[in-house]
Amino acid sequence: MELYQRKFSQHFLAIIFVLQFVLYFALFANLLLLRVIVGIVYLTFIPGFIMIKLLKLDRLSGIESVLYSLGFSLAFLMIAGLIINNFGASFGLDMPLSTLPLSIFMNSLILIGAAIAQFQQPKISLQSSNSSSFSPWALLLVFLPILSVVGTYFVNLNGNSSILMLMITIISLLFTALAFLNRPSLSKVYPVAIFMIALALLFHFSLISGYIVPYGGDSPVELFVFRNSQMNSYWHPELPFAIGDQPLGRMNAMLSVTVLPTVYSNILGLDPTWVYKIIFPFIFAFLPVGLYLLWKPYIGSKYAMLAAFLFMAQSTFYTEMMALSRQLVAELFFVLLFMVLLNKQIKMQAKYFTFMIFSFGLIFSHYALSEIFLIMIFTAWAASMWFFRRPSINLQLGMVVFFFVAMFGWYIFTSGSIVFDSFITFTNYVYSQLGDFFNPLSRGSVVLTGLGLTESPSLLNTISRGFAYLTEIFILIGIVGLITRKTKFNFDRDYAVFALVAMAVLAALTLVPGLANTLNMTRFYHILLMLLAPFCIVGIWMFATFLTKKERPLLVALLVVTILVPYFLFQTNFVYEAAQTDSWSIPLSGYRMNPLRLYGDFGFIEDYSVKGAVWLHSNVPYQNNITADNGLFTSLTAYGLVYRGYVTELRNDTILYSDEYIYLSYISIHYEQESWNGTLNTLLNQTNVIYSNGGSEIRQAIG
């Protein structure tokens with residue numbers, strides 16, 4: 001890989017000329033497939049590679065270069081998009097984020113940066129290197145995401161999930177083989193294996209149906225603010241029709257779901273839905289690779305790969321996160337910031353600049369994750385000064401101050417300070433819950449389940465919880481080993497402090513009433529696993545060493561496989577689908593899932609509801625004059641582009657007024673008895689149907 005990297009470095013200005021020519025040709029010739037394939041690679045990596053050249057980050061490995069390029073590129077797309085958005089009007093651009101001005105502006109910046117980088121670099125030797133050797137494992141691994149894509153096609157076609165079940169089985173077998181094999185040459189395969197497994201798991205969820213899958217998350221509102229920016233070809237920092245709306249304002253302030261997808265969609269000519277279904281999962285698949293690189297110096301490549309599998313096996317990674325695009329982009333910057341802080345090979349000046357760029361990426365992407373990162377770096381810096389009595393080499397006070405000022409500057413002076421106001425609202429909420437400190441229910445059901453304080457609905461669920469508890473127990477054992485220094489693993493001081501802060505946050509989520517509800521406990525745990533997952537493997541190693549009184553790698557591998565493979569099979573709901581019992585997996589079990597769960601709880605969107613929502617947007621004067629069922633939270637927001645503030649939720653006690661409109665989605669039309677207990681008919685007798693497509697209806701109240 002290093003040989004190819006050197007060849008690319010020597011000729012990359014010419015390569016960029018060619019890529020830009022191909023992109024412009026595909027744009028004007030309307031060659032969509034060529035435009036998408038070339039454009040994804042070009043936008044996602046080329047700007048970042050130029051930044052690496054300009055900063056002379058020549059000590060990065062090949063995989064590190066890919067990840068840093070990805071982070072720099074995403075930050076570049078958001079920052080450059082923000083610049084042309086805010087200053088385009090000065091040059092007579094009414095629609096600065098439209099395809100042509102956006103392409104010309106970004107391509108010009110890329111070309112200028114490439115020219116500067118090319119002329120300042122020294123001659124590069126092109127001697128061959130053993131690191132470029134090809135492994136047949138890599139070819140085998142490519143079939144995992146292909147299998148995922150084919151499997152989702154058959155699920156969408158006829159509900160048959162057998163290919164996806166096969167894919168999950170192969171992943172389990174592959175992980176087992178990698179866990180037991182100890183060949184040094186396999187260390188080169190680990191990053192590829194992690195990426196391909198991640199991509200397969202993410203695609204197996206994101207590609208279900210032709211529409212976004214909300215899964216009870218925020219993706220309909222994210223798509224709403226994205227499409228508003230795209231249709232206007234301009235990002236409004238404060239939506240004029242939603243002044244004071246905190247949930248919507250918070251999302252609209254995040255460039256990760258406004259400017260970034262608009263850049264991708266307009267330059268690539270890609271439908272907004274497929275930006276969410278293809279590009280965001282592709283970006284997110286690099287996250288566990290970054291974690292592998294972050295953990296590798298402390299626990300070795302083999303154990304870092306095992307820990308990365310634990311992180312991917314936890315269901316939040318490929319379910320909830322597919323409905324939280326702003327957070328998945330932010331998580332990449334979150335990990336990259338830790339990689340920068342803990343990398344001793346980067347010169348300080350380059351480290352500061354890289355930290356600043358990735359900080360902007362995190363701040364522009366997600367408010368809560370930015371606040372968590374600020375807490376962690378401030379606590380780590382304070383611990384270094386007060387407990388260790390000497391400053392950290394990696395984490396300087398200037399970095400903490402910069403992040404604090406940049407974060408609160410953006411959140412206070414953007415979108416009418418609505419993000420900062422939300423922070424105050426959440427703080428007041430947690431404070432108001434402190435009176436329920438001795439009430440276990442104030443922690444939320446997920447926290448209680450994690451502590452084993454809720455009743456299990458079935459025997460299989462009990463077994464599933466048992467494996468989850470084992471991973472938590474071994475994480476705790478690993479943390480104890482870190483504190484007591486009873487392991488062979490040498491975590492440096494900064495990472496140890498970050499890990500202990502993560503454990504403190506986990507303890508606070510358990511102890512402080514209402515705190516877990518501010519984000520969702522499953523998302524909190526997923527975030528904290530980015531620092532804690534390696535300690536599960538450390539804990540298993542400690543347990544195996546305790547049993548045999550000496551290190552036995554085969555026993556460690558056996559314990560890891562015995563715990564993590566069943567954990568993975570339960571988390572994916574493979575076991576529940578195989579046993580034909582109650583399942584939460586839309587890809588594996590959606591064909592037999594209770595409609596109230598599928599369309600109600602998970603917000604599954606189908607064609608009928610989308611067509612009804614689009615018709616309503618085009619033909620009904622809906623402002624403050626419409627009532628809607630569950631489609632209000634899914635299809636009406638995401639595809640009808642109807643602002644939720646204009647709509648009243650349809651309930652059993654709803655009173656209709658003259659000329660008021662009602663939107664009914666698929667669940668109400670086909671499962672009225674289950675969803676409304678038979679009471680909807682009485683209400684609908686007061687209306688006339690003005691639109692119906694067999695799966696959704698628009699009605700108007702009788703005057």
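Position 1 is the first residue of the sequence, and the numbers go up from there.
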K.L.:
Would you check, one step at a time, whether the test side-chain contact (heavy atoms from CB on, under 4.5 Å) holds for Leu632 with Ile626?
P.N.:
CA-CA 10 Å; Leu632 160 64; Ile626 186 169; over 6 Å; no

K.L.:
Just say parallel, tilted or perpendicular for the rings of Phe286 and Phe282, cut-offs at 30° and 60°.
P.N.:
perpendicular

K.L.:
What is the minimum heavy-atom distance between Val400 and Leu374, and which atoms define it?
P.N.:
O-CD1, 4.3 Å

K.L.:
Using modelled atom types only, decide if a donor and an acceptor are shared between the side chain of Ser233 and the backbone of Met95 within a distance under 3.5 Å.
P.N.:
no

K.L.:
Take Val36 and Leu32 through the test side-chain contact (heavy atoms from CB on, under 4.5 Å) and record every step on the way to the result.
P.N.:
CA-CA 6 Å; Val36 169; Leu32 181 60; 3.9 Å; yes

K.L.:
Dump the intermediate steps for side-chain contact (heavy atoms from CB on, under 4.5 Å) on Val505 and Ile527, then the final yes or no.
P.N.:
CA-CA 11 Å; Val505 171; Ile527 292 167; over 6 Å; no

K.L.:
Would you say Ser370 and Tyr411 are linked by a side-chain donor-acceptor pair, where the criterion is simply a distance under 3.5 Å?
P.N.:
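Tyr411 vs Ser370: donor-acceptor pair found between side chains.
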
K.L.:
Minimum heavy-atom separation for Leu332 and Ile283, please, with both atom names.
P.N.:
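For Leu332 and Ile283, the tightest heavy-atom pair comes out as CD2-CG2, 4.0 Å.
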
K.L.:
For the side chain to side chain donor-acceptor pair (under 3.5 Å) test, which of Glu320, Gln327, Glu331 pairs with His526?
P.N.:
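Output: one option passes, namely Glu331.
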
K.L.:
With Phe403 as reference, evaluate Phe360, Phe373, Phe334, Tyr352 under the ring-ring contact (aromatic ring centres under 6.0 Å, His included) test and give the passing residue.
P.N.:
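When Phe360, Phe373, Phe334, Tyr352 are each tested with Phe403, the ring-ring contact (aromatic ring centres under 6.0 Å, His included) holds only for Phe373.
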
K.L.:
Answer yes or no: is there a donor N or O on one side and an acceptor on the other, between the side chain of Trp274 and the main chain of Gly210, under 3.5 Å?
P.N.:
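It does not hold such a pair.
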
K.L.:
Within the 4.5 Å heavy-atom criterion, are Tyr153 and Leu207 side-chain neighbours or not?
P.N.:
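The answer is no, as the side chains (C-beta and beyond) never meet within the 4.5 Å cut-off.
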
K.L.:
Please work out whether the ring planes of Tyr646 and Tyr643 are parallel, tilted or perpendicular, with thresholds of 30° and 60°.
P.N.:
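The rings of Tyr646 and Tyr643 stand perpendicular, inter-plane angle above 60°.
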
K.L.:
Passes ring-ring contact (aromatic ring centres under 6.0 Å, His included), Phe364 versus Phe333? Steps please.
P.N.:
CA-CA 10 Å; Phe364 292 160; Phe333 287 110; 9.2 Å; no

K.L.:
Would you say the side-chain atoms of Arg227 and Tyr639 include a donor-acceptor pair closer than 3.5 Å?
P.N.:
no

K.L.:
So Arg326 and Asp218, salt bridge (charged side-chain N to carboxylate O under 4.0 Å, His left out) or not? Walk me through it.
P.N.:
CA-CA 9 Å; Arg326 66 196 188 283; Asp218 297 328; 2.8 Å; yes

K.L.:
Could you grab the distance from atom CE of Met251 to atom OG of Ser219, nearest 0.5 Å is fine?
P.N.:
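These two atoms lie 9.5 Å from each other.
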
K.L.:
Grab the two heavy atoms, one from Pro220 and one from Arg644, that are nearest each other, plus how far apart they are.
P.N.:
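That closest heavy-atom pairing would be CB-NH2, 4.0 Å.
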
K.L.:
When you compare the side chain of Thr379 with that of Phe498, does any pair of heavy atoms fall below 4.5 Å?
P.N.:
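When only atoms from C-beta onward are counted, Thr379 and Phe498 do not touch, as no gap falls below 4.5 Å.
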
K.L.:
Are any non-hydrogen side-chain atoms of Thr258 and Trp235 less than 4.5 angstrom apart?
P.N.:
yes

K.L.:
Ile377 and Leu395: which non-hydrogen atoms are nearest, and at how many Å?
P.N.:
O-CD2, 3.2 Å

K.L.:
Would you give the length of the straight line joining atom CG of Leu43 to atom CG of Leu268, rounded to the nearest 0.5 angstrom?
P.N.:
5.5 Å

K.L.:
Restricting to non-hydrogen atoms, name the atom on Met312 and the atom on Ala198 that form the minimum distance, rounded to 0.1 Å.
P.N.:
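Looking at all heavy atoms of both residues, the shortest contact is SD-CB, 3.6 Å.
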
K.L.:
Indicate yes or no for a side-chain donor-acceptor contact from Ser609 to the backbone of Ile605 under 3.5 Å, with no hydrogens or angles considered.
P.N.:
no

K.L.:
Inspect the surroundings of CG in Asp94 and state if more than 12 heavy atoms from other residues, nucleotides or ligands are less than 6.0 Å away.
P.N.:
no

K.L.:
With respect to Ser265, which candidate in Leu97, Val275, Thr99 satisfies the side-chain contact (heavy atoms from CB on, under 4.5 Å) definition?
P.N.:
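Considering Leu97, Val275, Thr99, a side-chain contact (heavy atoms from CB on, under 4.5 Å) with Ser265 is found only for Val275.
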
K.L.:
Regarding Thr262 and Gln230, is there a side-chain donor-to-acceptor distance under 3.5 Å anywhere?
P.N.:
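Checked: Thr262/Gln230 side chains show no N/O donor-acceptor pair below 3.5 Å.
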
K.L.:
Quick check: does any side chain N or O of Ser209 sit under 3.5 Å from a backbone N or O of Tyr211, one acting as donor and the other as acceptor?
P.N.:
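Yes, because the side chain of Ser209 sits within donor-acceptor range (under 3.5 Å) of the backbone of Tyr211.
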
K.L.:
Is the backbone N or O of Asn228 less than 3.5 Å from a side-chain atom of Asn232, with the two atoms forming a donor-acceptor pair by type?
P.N.:
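A pair under 3.5 Å: yes.
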
K.L.:
Taking the side chain from Lys53 and the backbone from Ala117, do they hold a donor-acceptor pair closer than 3.5 Å?
P.N.:
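No, Lys53 side chain to Ala117 backbone: no donor-acceptor pair under 3.5 Å.
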
K.L.:
Should Glu222 and Ile212 count as side-chain neighbours, where that means a heavy-atom distance under 4.5 Å?
P.N.:
no

K.L.:
To the nearest 0.5 Å, what is the distance between CZ (Phe105) and CD1 (Ile110)?
P.N.:
10.5 Å

K.L.:
Under 6.0 Å from the CZ atom of Phe87, do we count more than 12 heavy atoms belonging to anything else shown?
P.N.:
no

K.L.:
Do the side chain of Asn252 and the main chain of Val225 share a donor and acceptor less than 3.5 angstrom apart?
P.N.:
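Judged by distance alone, no pair lies under 3.5 Å.
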
K.L.:
If we check side-chain contact (heavy atoms from CB on, under 4.5 Å) with Leu260, which of these qualifies: Leu255, Ile279, Leu74?
P.N.:
Leu74

K.L.:
Using 0.5 Å steps for rounding, measure from the OG atom of Ser256 to the CE atom of Met78.
P.N.:
6.5 Å

K.L.:
Quick one, Phe224 and Val642 - any side-chain contact, counting heavy atoms below 4.5 Å?
P.N.:
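Answer no - side chains too far apart.
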
K.L.:
Check the pair Tyr68 / Phe49 against ring-ring contact (aromatic ring centres under 6.0 Å, His included), numbers first and verdict last.
P.N.:
CA-CA 8 Å; Tyr68 278 64; Phe49 184 79; over 10 Å; no

K.L.:
Go through Asn343 and Glu64 one step at a time and tell me if the side-chain contact (heavy atoms from CB on, under 4.5 Å) criterion holds.
P.N.:
CA-CA 11 Å; Asn343 192 331; Glu64 283 180 314; 3.7 Å; yes

K.L.:
Distance check, rounded to the nearest 0.5 Å: Leu337 atom CG versus Ser359 atom OG?
P.N.:
4.5 Å

K.L.:
Going by heavy atoms in the side chains, are Leu341 and Lys351 under 4.5 Å from each other?
P.N.:
no

K.L.:
If you compare all heavy atoms of Val335 against all heavy atoms of Gly290, which two are closest, and at what distance to 0.1 Å?
P.N.:
CG1-C, 3.8 Å

K.L.:
Should Leu201 and Leu144 count as side-chain neighbours, where that means a heavy-atom distance under 4.5 Å?
P.N.:
no

K.L.:
Are the side chain of Arg35 and the backbone of Ile267 linked by a donor-acceptor contact shorter than 3.5 Å?
P.N.:
yes

K.L.:
Given 3.5 Å as the limit, does a donor-acceptor pair link the side chain of His366 with the main chain of Leu369, or not?
P.N.:
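Side chain of His366 to backbone of Leu369: a pair is present.
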
K.L.:
Supply the atom-to-atom distance Ile84 CD1 to Ser90 OG, rounded to the nearest 0.5 angstrom.
P.N.:
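If we round to the nearest 0.5 Å, Ile84:CD1 and Ser90:OG are 11.5 Å apart.
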
K.L.:
Centroid-to-centroid, Tyr276 to Phe280, below 6.0 Å?
P.N.:
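Yes - the distance between ring centres of Tyr276 and Phe280 falls below the 6.0 Å cut-off.
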
K.L.:
When the ring centroid of Tyr318 is compared with that of Phe203, is the distance short of 6.0 Å?
P.N.:
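Between Tyr318 and Phe203, the centre distance exceeds or equals 6.0 Å.
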
K.L.:
I want to check something: taking the side chain as every heavy atom from C-beta on, are Phe205 and Tyr215 in contact at a cut-off of under 4.5 Å?
P.N.:
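Yes, at least one pair of side-chain atoms sits under 4.5 Å.
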
K.L.:
If we count only N and O atoms by modelled type, under 3.5 Å, do the side chains of Tyr42 and Asn107 hold a donor and an acceptor together?
P.N.:
yes

K.L.:
Using a 3.5 Å distance criterion without hydrogens, assess whether the side chain of Ser635 forms a donor-acceptor pair with backbone atoms of Val610.
P.N.:
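Pair absent, no side-chain N/O of Ser635 close to backbone of Val610.
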
